[in-house]
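Below you'll find the structure, written out as structure tokens, and then a few comments.
Every value quoted in this text rests on a predicted model; they were computed, and no experiment measured them. The residues of the chain are indexed from 1 along the displayed sequence. All heavy atoms count here, side chains included; hydrogens, waters and symmetry mates do not.
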Amino acid sequence: MGTTAYEDWIRDFEAARRERAERGDPEWRTGVPLHPAIRRSVQRFQVGEDGDGAELITKAEAAGDAEYASAVRMFVAEERNHARLLALLLASGGAPVIASHWSDRVFVTLRRALGLRLELLVLMIAEVVALRYYRALRDGADDSLTREVAGRILADEERHVPFHCHRLRRALRPLPPPVRVLVTSGWRAALAAVALVVAVDHGPALRRLGVGRGRFVAEVVRSSGPIAATMR
């Protein structure tokens, strides 16, 4: 990827969009009722994916980089698609979506109160936690439809994290090196705290998926080291 422009990221998002269109949706008729613990967990993640992204798009446009703003709009479209896929997965098993969850309200409030750089740091916490969650759902779910949906979302998230890292690296570059270390260390600490909250909140589902609370937190924290280094 280039270090000064977003042409490559735009091409990447466009290629993913074309692939989704050619591939089509999963076969929803194969859905089965989810285990209650997993159903509740997926409902909470669906709420988190269902934001409209308008605030992030507005901040990206205000940053004055048209290519970056275009890439952000494509990112938001993928996140909306994740919410759609999860809603259809729930519906295929006869489960509804939920209107809200306290964890999503906290994240949205924090993100909207901050500038672009700090909003991306908060967003990256959710993205890194999501990486481990969707991997657990893909590898541990009992039915093939849930595994397929989780795998599709995971593939997108694996592109989203480097995309945001690219922007944050540019955003943090003007800061003195000790300040960059302080920022990324604080980010890792906040991520560890959030991972612990998620592990407690989704503990029954994680156990069902074969990932204990402690393992979930440890693996999220371990994955954050290279990501923080990239941001610096």
Going from CG on Leu154 to CG on Asp139, what distance comes out if it is rounded to the nearest 0.5 angstrom? 8.0 Å

Can a salt bridge be assigned to the pair Asp25 and Arg84 using a cut-off of 4.0 Å between side-chain N and carboxylate O? yes

Can Arg159 and Glu78 be counted as an ion pair, charged N to O under 4.0 angstrom? yes

May I ask you to decide if Arg147's main-chain N or O and Arg138's side chain share a donor-acceptor pair within less than 3.5 Å? no

Between the side chain of Arg180 and the main-chain N/O of Leu175, is any donor-acceptor distance below 3.5 Å? yes

Only residue of Phe75, Tyr68, Tyr6 satisfying ring-ring contact (aromatic ring centres under 6.0 Å, His included) with His164 is Phe75

Is there side-chain contact between Pro96 and Leu90, with heavy atoms separated by less than 4.5 Å? no

Donor-acceptor under 3.5 Å (Trp9 side chain, Phe163 main chain): no

Can you tell if the side chain of Leu131 reaches within under 4.5 Å of the side chain of Val161, non-hydrogen atoms only? yes

When you check the gap from the basic side-chain N to the acidic O, do Arg135 and Glu158 get nearer than 4.0 Å? yes

Using atom types as modelled and distance alone, determine if a side-chain donor or acceptor of Ser41 lies under 3.5 Å from a backbone N or O of Ala37. no

Would you indicate whether the side-chain heavy atoms of Thr184 and Leu172 approach each other to under 4.5 Å? yes

Between Ala95 and Gln43, the two heavy atoms sitting closest are CB-NE2, 4.5 Å

In terms of heavy-atom contacts, Val217 and Ala192 come closest through CG1-O, 4.4 Å

Can you list the steps and then say if Leu116 with Leu56 is a side-chain contact (heavy atoms from CB on, under 4.5 Å)? CA-CA 7 Å; Leu116 178 60; Leu56 178 60; 3.8 Å; yes

Quick one: closest heavy-atom pair of Arg152 and Gly24, and the distance? NH1-O, 2.7 Å

Heavy-atom check, side chain of Leu137 versus side chain of Ile38, under 4.5 Å: yes

When you group the ILVMFWY residues by side-chain heavy-atom contacts below 4.5 Å and let the links chain together, are Leu118 and Val179 in the same group? yes

Does Asp143 offer a backbone N or O that forms a donor-acceptor pair with the side chain of Thr146 under 3.5 Å? no

Treating Ile, Leu, Val, Met, Phe, Trp and Tyr as nodes and any side-chain heavy-atom pair under 4.5 angstrom as an edge, say whether Leu182 and Ile125 lie in one connected cluster. no

Any donor-acceptor N/O pair, Ser70 side chain to Ala66 backbone, under 3.5 Å: no

Salt-bridge test for Glu61 and Arg73: reply yes if a basic N is under 4.0 Å from a carboxylate O, no otherwise. yes

Determine, step by step, whether Leu145 and Glu27 satisfy the side-chain contact (heavy atoms from CB on, under 4.5 Å) criterion, reporting the C-alpha distance in whole Å, the side-chain angles of both residues, the deciding distance to 0.1 Å, and the verdict. CA-CA 7 Å; Leu145 179 59; Glu27 180 50 71; 5.9 Å; no

If only atom types and distance count, is the side chain of Arg213 paired as donor or acceptor with the main-chain N or O of Ala199 below 3.5 Å? yes

d(Ser224 OG, Met231 CE) to nearest 0.5 Å is 8.0 Å

Go through Glu127 and Glu157 one step at a time and tell me if the side-chain contact (heavy atoms from CB on, under 4.5 Å) criterion holds. CA-CA 7 Å; Glu127 294 285 283; Glu157 299 291 2; 2.7 Å; yes

Distance in Å, Met74 CE paired with Arg17 CZ, rounded so as to fall on 0.5 Å steps: 7.0 Å

When rounded to the nearest 0.5 angstrom, what distance separates CZ in Arg188 from CZ in Arg222? 11.0 Å

Closest non-hydrogen contact found for Ile153 with Tyr134 is CG2-CE1, 3.5 Å

Taking the side chain as every heavy atom from C-beta outward, state whether Arg20 and Asp156 have any atom pair closer than 4.5 Å. yes

Just verifying a value: how many Å separate Glu7 CD and Asp12 CG, rounded to the nearest 0.5 Å? 13.5 Å

Determine whether Val181 and Leu168 fall in the same hydrophobic cluster, where Ile, Leu, Val, Met, Phe, Trp and Tyr are linked whenever their side-chain heavy atoms lie under 4.5 Å apart. no

Applying side-chain hydrogen bond (donor to acceptor under 3.5 Å, both in side chains) to His160 and Glu79, what does each step give before you reach the verdict? CA-CA 10 Å; His160 292 173; Glu79 292 290 300; 3.1 Å; yes

Can we say Arg18 and Glu22 salt-bridge, meaning some charged N sits less than 4.0 Å from an Asp/Glu carboxylate O? no

Say you draw a straight line from CD of Glu148 to CG of Leu85; how long is it, rounded to the nearest 0.5 Å? 9.0 Å

For Asp142 and His35, what are the C-alpha separation, side-chain angles and deciding distance, and is it a side-chain hydrogen bond (donor to acceptor under 3.5 Å, both in side chains)? CA-CA 9 Å; Asp142 294 330; His35 183 277; over 6 Å; no

Heavy-atom side-chain proximity of Arg132 to Val211 below 4.5 angstrom: yes

Please tell me if the side chains of Pro162 and Thr230 come closer than 4.5 Å, counting only heavy atoms from C-beta onward. no

pair Leu121-Val183: side-chain heavy atoms closer than 4.5 Å: yes

With ring pair (Phe, Tyr, Trp, His ring centres under 6.0 Å) as the criterion, how do Phe216 and His202 come out once you've worked through the C-alpha distance, each side chain's angles and the decisive distance to 0.1 Å? CA-CA 10 Å; Phe216 180 85; His202 296 259; 8.2 Å; no

CA sep, side-chain torsions, deciding dist, call: Leu191, Val221, side-chain contact (heavy atoms from CB on, under 4.5 Å): CA-CA 7 Å; Leu191 173 62; Val221 171; 5.9 Å; no

